[in-house]
Amino acid sequence: MVLTTPEHSLYAIAVEQFNQAADLIGLEDELRQILSTCKRELTVNFPVEMDDGSIKVFTGYRVHHNLAAGPAKGGIRYHPNVTLDEVKALAMWMTWKCAIMGLPFGGGKGGVRVDPKLLSPGELQNLTRRYTTEISILLGPHQDIPAPDVNTNPQIMAWIMDTYSMHRHGGVSVPAVVTGKPPILGGSAGRLEATGRGVVFAIEEAAKTYAIDLTQARVVIQGFGNAGSTAARLLYELGSRIIAVSDSRGGIYNPNGLDIPAVFAYKQQTGSVVGYPEAERVTNEELLELPCDILIPAALEEQITERNAARIRARLIAEAANGPTTPEADRILFDRGIIVLPDIYANAGGVTVSYFEWVQGLQHFYWTEEEVNSRLRTIMTRAFQAIHATAERYHVQLRTAALALAVQRVAEITRLRGIYP
Ligand code: NAD
């Protein structure tokens, strides 16, 4: 039995990917039903007082896909296009991501429909505290531990920790209720860069396997936020040539390579990479089709689709973003021999160091950045080898292999626990 959901939905894409993996491992119907459904979907509509004294009502979500392996783990996104459907897909991908990396978490995700760039710092804080209050029926260090995602950052995580601690524990801080906090508040060393660093560790493993020389590689990166700019900096330090980067306002291209620290400083000053002097301007669509060795989508979902997949000129795609490639595009890329390091593996460095932060927060015992980065490399390398071996065994693409491993693990946990009552 293949379970389906309405078309044109990100959740339908997530379920389609799941079904491919379930077919591959011959998963029984009962477990297909359980694993293709979200356990809990909370929608909250809540008022926020704006600086001018007016009140605006915002809509937010928190979804738990599956909690068989442990408490829910997953980021919170602030974006005007957030929908329940999108949050459900992201929550499901979190379940698989945690399973691939062997972390004791289930999958969750949250989001608020808002453009945070239109809010003052005070309004952003009010919105965050009220949203946290609304979803706090689900939160807790052993229930549900949020983290940053698009447009949320360590400051927002600090407000979430403070709000939860004020409500539930009379102000005594509960650092393990959220990860991605500022280090001075119990955040882990290395967490801010962990997603981008994990992407680069994944690329380094793939480069060894597929014989790509990173000191000669030309790299294109869509999105220059937390994940994209960190991956850019680390690859630049490894000697790769970063020939194009972009953000929501557009892209910049220099075939001789961009000076990434200078581009970063320019973006800090002006708010965008666009306008950086030593480069030509390209659109985000053109950027994806530039000839390169490594393409890193690090912005939003559904960027590589059946419309442009035939024109992608990269050897390797490393998905820093969640869901950047549609299943139709995946098939085209596979047929063309383009290797895709799938999101549920490539960007799992973030949740892995979030796991380290959670462990440190529970114990109030903190590790050095070297310890964090070296443990991250070990886990990323081990996961790559397991995924690659599965892909070879079944003659499938890395995404299906990664999903098969993940689904197998969550299914096994569910069988061992049994169905309550
Ligand atoms: P961020 O908000 O720091 O950066 C997002 C970047 O994408 C910004 O540069 C923004 O300008 C750009 N962008 C937005 N819309 C765009 C568009 N239409 N075209 C091109 N660029 C656009 O977010 P982030 O944390 O870096 O997240 C980026 C991706 O990585 C998301 O898919 C997120 O789910 C994923 N991710 C993030 C983490 C994490 O720890 N932060 C972990 C795993 C996955």
Side-chain angles (χ1 to χ4, degrees), residues 10 14 73-82 86-87 89-91 93-94 96-98 100-101 103 107 109-111 114-117 146-157 178-181 187-188 190-199 202 220-233 244-252 263-264 266-268 270-274 282-288 295-304 308 318-325 341-357 376 380:
L10 200 64
K73 192 86 194 78
I76 288 175
R77 173 175 293 200
Y78 287 174
H79 196 278
N81 299 342
V82 164
E86 177 188 61
V87 177
L90 292 163
W93 287 327
M94 284 306 298
W96 311 140
K97 207 177 287 188
C98 294
I100 290 165
M101 306 307 275
L103 310 178
K109 202 79 183 190
V114 60
D115 184 349
K117 290 179 192 136
D149 192 73
V150 174
N151 289 328
T152 58
N153 56 28
Q155 171 62 79
I156 292 173
M157 300 306 115
V178 63
T179 58
K181 300 179 295 296
S188 178
R191 172 62 185 90
L192 195 60
E193 302 85 16
T195 303
R197 191 179 298 278
V199 169
V220 169
I221 304 181
Q222 184 195 47
F224 203 67
N226 176 305
S229 71
T230 306
R233 179 173 57 81
V245 300
S246 68
D247 57 33
S248 56
R249 296 197 211 155
I252 55 171
V263 173
F264 191 81
Y266 186 84
K267 172 147 181 139
Q268 294 282 92
T270 65
S272 175
V273 297
V274 174
V282 284
T283 65
N284 263 298
E285 293 71 36
E286 289 163 346
L287 173 129
L288 292 171
L295 172 63
I296 307 181
L300 294 171
E301 47 268 10
E302 296 186 87
Q303 298 299 306
I304 304 173
N308 60 3
E319 295 182 335
N322 283 305
T325 311
L341 287 175
D343 47 6
I344 50 172
Y345 163 64
N347 71 32
V351 69
T352 304
V353 177
S354 273
Y355 164 62
F356 298 160
E357 182 170 325
L376 174 60
M380 291 298 301

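The residues of the chain are indexed from 1 along the displayed sequence. When a ligand or atom number is given, it counts from 1 through the structure's own listing order.
- For atom 31 (C) of ligand 1, the closest non-hydrogen atom of the protein is Ala299 O, 3.1 Å.
- Protein heavy atom closest to atom 6 (C) of ligand 1, with residue, atom name and distance, is Gly225 N, 3.7 Å.
- For ligand 1, the polar-atom distance check against Gly223 finds no nitrogen or oxygen pair separated by under 3.5 Å.
- At under 3.5 Å, not a single nitrogen or oxygen of Lys109, backbone or side chain, sits near a nitrogen or oxygen of ligand 1.
- Among protein heavy atoms, the minimum distance from atom 35 (C) of ligand 1 is reached at Ala320 O, 3.5 Å.
- In terms of modelled atom types and a separation under 3.5 Å, the side chain of Gln268 and the main chain of Tyr266 share no donor-acceptor contact.
- Distance alone, capped at 3.5 Å, places no donor-acceptor pair between the Gln222 side chain and the Pro297 backbone.
- Contact atoms of ligand 1 toward Asn284: 19 (N), 20 (C) (distance under 4.0 Å to a heavy atom of the residue).
- In this structure, Asp247 contributes its side chain and Val273 its backbone to a donor-acceptor pair below 3.5 Å.
- Residue Gln303 does not touch ligand 1, judged by heavy-atom distances below 4.0 Å.
- Shortest contact from atom 38 (C) of ligand 1 to any protein heavy atom: Thr195 OG1, 3.4 Å.
- Of the possible polar contacts, none joining the Thr195 side chain to the Gly349 backbone as a donor-acceptor pair under 3.5 Å is found.
- Of all protein heavy atoms, the one closest to atom 26 (O) of ligand 1 is Ala227 N, 2.9 Å.
- At least one donor-acceptor pair closer than 3.5 Å links the side chain of Tyr345 to the backbone N or O of Met380.
- Protein heavy atom in closest approach to atom 33 (C) of ligand 1: Asp149 OD1, 3.3 Å.
- The backbone N or O of Gln303 lies less than 3.5 Å from a partner atom in the side chain of Asn308, making a donor-acceptor pair.
- For atom 28 (C) of ligand 1, the candidate residues are Ala298, Ala346, Ala321; the nearest heavy-atom contact is made by Ala298.
- Residues satisfying the side-chain contact (heavy atoms from CB on, under 4.5 Å) criterion with Ala321, sequence neighbours excluded, are Pro324.
- Only one option out of Arg77, Glu301, Lys97 pairs with Asn322 in a side-chain hydrogen bond (donor to acceptor under 3.5 Å, both in side chains); it is Lys97.
- When Asn347, Leu288, Val353 are checked for heavy-atom proximity to atom 43 (C) of ligand 1, Asn347 turns out nearest.
- Considering backbone and side-chain atoms alike, Leu300 places every N or O at 3.5 Å or more from each N or O of ligand 1.
- Shown in contact with Asp247 at under 4.0 Å from a heavy atom are these atoms of ligand 1, numbered in order with element: 9 (O), 11 (O), 20 (C), 21 (N), 22 (C).
- For atom 18 (N) of ligand 1, no protein non-hydrogen atom is found at a distance below 4.0 Å.
- The protein non-hydrogen atom at the shortest distance from atom 2 (O) of ligand 1 is Asn151 N, 3.0 Å.
- Contact annotation: for Asn322 versus ligand 1, heavy atoms closer than 4.0 Å belong to both the backbone and the side chain.
- At a threshold of 4.5 Å between non-hydrogen side-chain atoms, the residues Leu295 and Ile304 count as touching.
- Using a distance-only test at 3.5 Å, with no hydrogens or angles considered, no donor-acceptor pair links the side chain of Glu319 to the main chain of Ala346.
- Within the 4.5 Å cutoff, the side chain of Val351 has heavy atoms near those of the Cys98 side chain.
- Taking any N or O of Gly228, backbone or side chain, none lies under 3.5 Å from an N or O belonging to ligand 1.
- If you check which protein heavy atom lies closest to atom 27 (O) of ligand 1, you get Val150 CG2, 3.8 Å.
- Considering each of Ser248, Pro116, Ser229, the one bringing a non-hydrogen atom nearest atom 14 (C) of ligand 1 is Ser248.
- Distances from atom 1 (P) of ligand 1 to the heavy atoms of Asn226, Val273, Thr230 show the closest one on Asn226.
- Between Arg191 and Pro154 the shortest side-chain heavy-atom distance does not fall below 4.5 Å.
- Counting heavy atoms under 4.0 Å from ligand 1, residue Arg191 touches it through the side chain alone.
- At distances below 3.5 Å, at least one donor-acceptor pair connects side-chain atoms of Thr270 with backbone N or O atoms of Ser272.
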